[in-house]
Amino acid sequence: MRVLVSGGAGYIGSHTVVQLVAAGHQVVIVDNFANSKPSVVNRLEALTGEHLPVHAFDLRDRDKTEHLFTQEHIDAVIHFAGLKAVGESVELPLEYYENNLGTTFSLVRAMQRHGVDKLVFSSSATVYGLDQEAATEDRPTSATNPYGWTKVMQEQILRDIAVANPSMRFALLRYFNPVGAHASGTIGEDPQGIPNNLVPYIAQVAVGRREYLSVYGDDYPTRDGTGERDYIHVDDLAAGHLAALTRLTTMDEPVGVWNLGTGQSTSVLEMLHAFERAVGHELPHRIVDRRVGDVAVSYADPGKANAELGWRASRTVDDMCVDTWRWQQANPHGFPD
Ligand code: NAD
Ligand code: WQD
C-alpha cells in the first residue's frame, strides 16, 4: 500500500515508517516539525535505503492537505500527528483541542474526497481515565485532562463518521507507555526541553544531562510503592500498526479498537534498576511528592489485539532500556538541528 504517515518524523511515527518500508509499503510523510526535526528524515532514508517524500505543513491547513491528496496517490493513512504533553494541555487547552481535532478533521475530509477508506489512529490508554488496571477495550472512556479528552473526542468523531460512511475502516489503537528505540541506535525519542516521561528522563540522567531522577511518590498501593505502568517497546508498537493496517483490509465492521500493551506492569524503581543494568552502574534518584493526576497502576489487557491482529509484544523491559541507552549514548543531544 501507499501509506500516508502523519507525524511520521515523530517518535512512534518514525519507527513505524521503518517497518512499513521493510514490509514493502510505500510511505509518504506529512509533518510540520512542531515536535520533531527534519534531520529525522535523513536518518530514516539511511535506515530504509529509500527516498521518502515529505510534506512539511500544518495538517490543519485544509487546502494544503487537499493538495497533498491530489498530488500523491494514497491507499491508507496512519495518523500520529498531534500534541501529546499532558501538563502542557492543561495550560494550553485551546491549542490541544485545535491541533488534535483539527488535524483529524482535515485528514478525514481529504480522505473522503479522494476515496481513501483506511485510517489507523493513535489513541491512548489515557481514554480509560482513572480506571487503567487490566484495561479492556469495552471499558467506558473518559479523561482527566484536555490531552486525554482530545483522544476520547477523536475516537467518538471517528465512530460517528464510520456510522455515516459504513465503507470506511478505522483502527483505534490505544497505546500504553511506549519506550525504547530502534536497534540501530540512529532513531529514538528526542524530547524537547525537560522530559515529561520516565524513561527519557532516566536516559538523560544516565548521559549526564540531568542530575538525578525525581521519583514521584513511593506511597502508592503497589509492589514497591512507586507507580506501575505497561511499558511497550516502540518497535513492538510499530508492528501493531502494520498488523492493524492488514486487519483493516479484511474487516467487516467499520471500527476496530485495540489495546497495544504487554499486559505486564513495571514500577518506577524497577524501570530505574533495569536502566542501571543497561548502563552498568547505579543512577541517582530522590523520592519526591506524587505528581498531580497520576494513577497508581496502568496496564493493558492486550488479549483482543493478540487474538484479532495476530500481534504480540515480545521485547522485555531490559531490551527497552538497552535500546534506549544505545540511542541516548550515540545521540546525547538528540537529532541534529
Ligand atoms: P511526537 O510528538 O514525537 O510525534 C508527533 C508528530 O506530529 C511530531 O513530529 C509533530 O511535529 C507532528 N505534528 C504535531 N502537530 C502537527 C500538525 N498540526 N501538523 C503536522 N504535524 C504535526 O509524538 P509520539 O510520541 O510519536 O506520538 C504519536 C501519537 O501517538 C500522538 O498522537 C500521541 O498523542 C499518541 N500517543 C503517544 C504516546 C506516547 O507516550 N508517546 C502514548 C499514547 C498515544
Ligand atoms: C510513568 C511513571 C510517574 C517521570 C503519560 C501520559 C499518557 C501517555 C503516556 C500519551 C509514573 C513516574 C515519571 C519522572 C517519575 N501519553 N515518573 N519521575 O504518566 O504513565 O503516561 O505518557 O497518550 O497519556 O499521561 O507516563 O512516563 O510520565 O510516567 O517518577 O520524572 O513514572 O509518576 O508513575 P504516564 P510517564
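Any value given below was found using the heavy atoms of this structure, including those in side chains, with hydrogens, waters and symmetry copies removed. In listed order, ligands and their atoms are each counted from 1.
Between Y231 and the choices E270, M320, R315, the side chain to side chain contact (heavy atoms under 4.5 Å, CB included) rule is met once, by M320.
At least one N/O-N/O distance between I12 and ligand 1 falls below 3.5 Å. Of the polar atoms of E228, none of the N or O atoms is found under 3.5 Å from an N or O of ligand 2, judged by distance alone. Residue contacts with ligand 2: V86 is placed with no nitrogen or oxygen under 3.5 Å of a nitrogen or oxygen of the ligand (distance criterion only). Considering backbone and side-chain N/O of Y175, none are found under 3.5 Å from N/O of ligand 1. Checked by distance only, ligand 1 and A9 stay at 3.5 Å or farther apart across all their nitrogen or oxygen atoms. The distance criterion of under 3.5 Å between nitrogen or oxygen atoms is met by N35 with respect to ligand 1.
By the criterion of a heavy-atom distance under 4.0 Å, the side chain of Y147, and not its backbone, is placed next to ligand 1. Heavy atoms from both the backbone and the side chain of N197 come within less than 4.0 Å of ligand 2. Within the 4.0 Å heavy-atom criterion, the part of S123 lying near ligand 1 is the backbone and not the side chain.
The single protein non-hydrogen atom nearest to atom 8 (C) of ligand 1 is D31 OD2, 3.6 Å, given as residue, atom name and distance. Nearest protein heavy-atom contact of atom 31 (C) of ligand 1 is F80 O, 3.1 Å.
In the candidate list P200, A125, S214, S214 is nearest to atom 18 (N) of ligand 2, counting heavy atoms. Between the choices R174, R229, M271, the shortest heavy-atom distance to atom 34 (O) of ligand 2 belongs to R229.
Within ligand 1, the atoms closer than 4.0 Å to a non-hydrogen atom of S122 are 29 (C), 30 (O), 32 (O), 35 (C), numbered from 1 in the order shown. For ligand 2, the atoms closer than 4.0 angstrom to any heavy atom of G227 are 34 (O). Of all atoms in ligand 1, listed by their number and element, those nearer than 4.0 Å to a heavy atom of F33 are 11 (O).
The shell of residues lying under 4.0 angstrom from ligand 2, judged by heavy atoms, includes Y231. Note on ligand 2: S298 sits outside its first shell, no heavy atom being nearer than 4.0 Å. The shortest heavy-atom distance from Y175 to ligand 2 is not under 4.0 Å.
For the residue pair H55 and E72, a side-chain donor N or O sits within less than 3.5 Å of a side-chain acceptor on the partner.
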